[in-house]
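Worksheet for the structure shown next.
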Amino acid sequence: MKSIVEKEFPEWLQNTPKETEKRLPDLPNVEKNGVIMRMAPSPSGPLHIGHARMAILNDEYLRRYGGKLILRIEDTNPANIEPDAYQMIQDDLKWLDVKYTDVVVQSERFQIYYDEMKKLIEIGKGYVATTPTEEFKSRKQRGIPVIEREQTPEENLERWDKMVSGEYEKGEAYAVVKTDLSHPNPAIRDFIAFRIIDIPHPLVGDKFSVYPMMNFSVAIDDHYLGLTHVIRGKDHTANTEKQKYIFAYRGWKLPYYLHYGKVSIENSILKTSLIKKGIRNGEFSGWDDPRLGTLLALKKRGINPLSIRKYYVESGIGSVDTTFSWEILYSFNRKIIDPVSPRHFFVNNPVSLRFDFDGALKAEIPLFPTSSKQSDRKYREYVVKRGSIIITSDDYQKNIGGLVRLKDLGYFKINEDSIEFVGAEMTEDVQKWNPSRPLGKVPIIHWLYQNFVPFKVFRPDGKIDEGLLERNALDYMEIVNQFERYGYVNIINEKEGYFTHP
RNA sequence: GCUCCGGUGGUGUAGUCCGGUCAAGCAUAUCGGCCUUUCGAGCCGACGACCCGGGUCCAAAUCCCGGCCGGAGCACCA
C-alpha cells in the first residue's frame, strides 16, 4: 500500500540522495602542498591482492591532495630478494594505475644509514653489542640492560667502526637503538638496528656486510624523504612505536601514521616462498598461475584493476580485521566487463546429438546484447542443416525426452541420441506441438554446430574444464568473453582461457 | 605469558570522536517477482546485524566498568 505522499506527490521523494559514492575519510594535517607518502614493499616477488590495498589507499590520497608518492623498495635482507621483483612491482603498480612519483631503493642508501647510526651512538642513543642474542632477549624481557648498553659513546663508536670494517663475523656483533627498558611492552624495548650478513646482495654484491634492520632504515628514510603521512597495515603498529624513538632523539617531525586492519584472503595462494617453490617444481605455471592471488594472475584472468580499486576504496581504512570477499570483487568486475564482453558458446563436457533435418535453420546471435553502442550490433550467424548438434552433458541429462530452446535457433526435442526440431519461436508449428505450454518456461540452452574448436579453461581452484568453443570467439583473444551460461573467460590463446569468475 | 588494537546482518562497510533525526543506511550474497531467446545485466520485493553483562542518562551502536571473542607485536624478516 502506497502512502498518500507516494501516490499524490511522487516528486517529493525524488530528491532523496541516492547511494552516495563511498569516500575515504580526509587525512588530518594536510598542508597546501599536499602530502608526501610512500609505499614500501620488499622485492621478494610481484605484488598480490593484499599489497594492492596499500598501493590503492596511498594513491587515492595522493590523487586527492597532490604531492608525492614514493615507491621505496626495501631490499635490506638479501636472503629474501627476487631480482625480477624490482621491475615486477613497478609493472604491477602501473597496471593498478597507481601513480608513484619517485622510486627509492634502500640498498643504494647504506651510507646514510651508517651515518645516522653513528650520530645516535654519539648522542648516547645507540650501542654495539656482542652479547649472544638469547641473553640480549632474555634481559630485555626482564628489563635489564646488557653490559654494552653502559659503554661510552667512544667505546661504541670504536666497536661500530670495527663492525663496519668487517672485523666481526656474522652473528658476533649487532648495533642496537636504545628505547626504554622499562617500557611496559617488551616488544618496544631496545631494538636491533644493524646486523652482519655474509651473503651477497643481488644489487650491491658484497660491498657491505652490515645491514640495517627495517625499523632503522624506515625511520631514517621516512624522515629524509620528508613524509607527511604514513599509511600501512596494523602489523606495523609496534614498529611505529620503535621508530618514533629515533625521531624523538633527532628532534624530527613525526609523520601522521595510520594503520589499517589485516585482510585475510581465503582461497588463494599469496605466500611468495610457497609460490616460488611451486613454480620451481612445476606445480604452478608461473607468477600468473590462475590459482594464485598475485596481481599478475588476476590480470591474466581478466580482472579489471578498477574493480580492485573500488573494492579497497569501499573497504576504507578501518583498523578492524576483515576477510577479503572475492564475491564482492567479482561483482564489481562484472559490472565493468559485462557490457564489453562478447558472448560466445562454450560447451563443457559435450554430447553430440544426431540431427536429421531436411531444411535449413538460421541463427543470429548477438555478440554484445547489453551494449547500447550502435557499432556493437554484431551477430554470430549460423545456418544449421542435417548433421549433429552439440550440447552439454548436463543439459542433455536434465532434458532428455523433453523440450528445450536452443538459444536463438528454435525449439527442439531431445531424444536418446538425436535432437528434433519442433519449431521456431512463435510459429504455428510450436503452438500446435504444445499449445498449453507457456513457451517462455522452456529451458534455454546453448549449443554448437560445426563451427567450433576444442578449448580448455583453467579455473582458480585448479580444475580444468575441457570442451568445445565457438570458433568465432578466437577473434576476441586476450579480452574477457562471456561464455553464455558458463561464466567469464579471458581467452589467452587458440586453445586455452583463464576463468575470470561466474 | 606480556603489551597494544578491535568487535554493526553470511560477507564488506556507514554511523561511534561531539548520546536523541538509528525500531540502524549502502553494497554483496541468498530467496522470490518482473523483463529478457544466457544462470549475465536491469527493475521490484523479501530475508538478515549493533559480542555479552552491568552502570551513567529522560535517552546508549555511540560514554564508563567487567567479561568473552578476534587480531597484531614480543626476529640478527619486511
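So you know, we letter chains A, B, ... as the sequences are listed, proteins then strands, and number each from 1.
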Integer angstrom distance from the [atom1] of [N] to that of [M]:
N	M	atom1	answer
B/rA14	B/rC52	C1'	24 Å
B/rU16	B/rC51	P	15 Å
B/rG54	B/rU62	P	14 Å
B/rU8	B/rC4	P	22 Å
B/rA61	B/rG19	C1'	10 Å
B/rC18	B/rC63	C1'	11 Å
B/rG42	B/rG6	P	37 Å
B/rA24	B/rG48	P	11 Å

Requested in this report: Tell me, please, whether A/Phe452 has A/Arg471 positioned over its six-membered ring: NZ or CZ under 6.0 Å from the ring centre and within 45 degrees of its axis?
Outcome: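 No, A/Arg471 does not lie over the aromatic ring of A/Phe452.
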
Query raised in the report: Does NZ or CZ of A/Arg380 lie under 6.0 Å from the centre of the six-membered ring of A/Phe345, at an angle within 45° of the ring axis?
Result: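 Yes - A/Arg380 lies over the ring of A/Phe345, closer than 6.0 Å to its centre and within 45° of its axis.
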
Flag yes if more than 12 heavy atoms outside [X] fall under 6.0 Å of its [atom1] atom; otherwise flag no.
X	atom1	value
A/Glu169	CD	no
A/Asp206	CG	no
A/Lys407	NZ	yes

Please tell me if [X] has a side-chain N or O lying less than 4.0 Å from either OP1 or OP2 of [N].
X	N	answer
A/Arg195	B/rC77	yes
A/Thr76	B/rA78	yes
A/Thr323	B/rG12	yes

Query - Side chain of A/Val320 - closest among B/rA78, B/rA27, B/rU13 - result: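 When the side chain of A/Val320 is considered, B/rU13 is the closest of B/rA78, B/rA27, B/rU13.
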
**Report entry** Shortest side-chain distance from A/Ser42, nucleotide among B/rG12, B/rG70, B/rA78
**Finding:**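 It is B/rA78.
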
Hunt down the Watson-Crick or G-U wobble partner of [N], both distances under 3.5 Å, from any strand shown, or write none.
N	value
B/rG42	B/rC34
B/rC50	none
B/rG25	B/rU13
B/rC69	B/rG6
B/rC63	B/rG55
B/rC74	B/rG1

Requested in this report: Map A/Met214 and A/Tyr311 onto RNA chain B by nearest heavy atom, then report which one ends up closer to the 5' terminus.
Outcome: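 The answer here is A/Tyr311.
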
Query raised in the report: More 5' along RNA chain B: A/Lys262 or A/Gln106, using each one's nearest nucleotide?
Result: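 Looking at the nearest nucleotide for each, A/Lys262 comes out on the 5' side.
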
Are any of the side-chain heavy atoms of [X] and [Y] separated by less than 4.5 Å?
X	Y	value
A/Phe483	A/Glu470	no
A/Tyr127	A/Trp160	no
A/Val105	A/Leu203	yes

Assign [X] to base, sugar-phosphate, or nothing according to its heavy-atom contacts below 4.0 angstrom with the strands shown.
X	result
A/Gly171	base
A/Thr133	base
A/Asp408	base

Checking [X] side chain against [Y] main chain: does a donor-acceptor pair fall under 3.5 Å?
X	Y	result
A/Arg189	A/Ser182	no
A/His236	A/Gly233	no
A/Asp338	A/Arg334	no
A/Tyr311	A/Ser325	yes

Nucleotide N/O of nucleotides 38-43 of chain B paired with protein N/O under 3.5 Å:
| residue | atom | partner | partner atom | Å |
| --- | --- | --- | --- | --- |
| B/rU38 | O2 | A/Gln482 | OE1 | 3.0 |
| B/rU38 | N3 | A/Gln482 | OE1 | 2.5 |
| B/rU38 | O4 | A/Arg343 | NE | 2.9 |
| B/rU38 | O4 | A/Arg343 | NH2 | 2.8 |
| B/rC39 | N4 | A/Arg485 | O | 3.4 |
| B/rC39 | N4 | A/Arg485 | NH2 | 3.0 |
| B/rG40 | O2' | A/Asp338 | OD1 | 3.1 |
| B/rG40 | O2' | A/Tyr488 | OH | 2.8 |

Query - Derivation and outcome, side-chain hydrogen bond (donor to acceptor under 3.5 Å, both in side chains), residues A/Asp465 and A/Tyr486 - result: CA-CA 11 Å; A/Asp465 282 342; A/Tyr486 175 79; 2.6 Å; yes

Just the atom pairs and distances: protein N or O near nucleotides 73-75 of chain B's N or O, under 3.5 Å.
| residue | atom | partner | partner atom | Å |
| --- | --- | --- | --- | --- |
| B/rG73 | N2 | A/Asn185 | OD1 | 3.3 |
| B/rC74 | O2' | A/Gln141 | NE2 | 3.2 |

Query raised in the report: Looking at residues 79-89 of chain A, who's got a heavy atom less than 4.0 Å off RNA chain B?
Result: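 Of all residues in residues 79-89 of chain A, none places a heavy atom under 4.0 Å from RNA chain B.
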
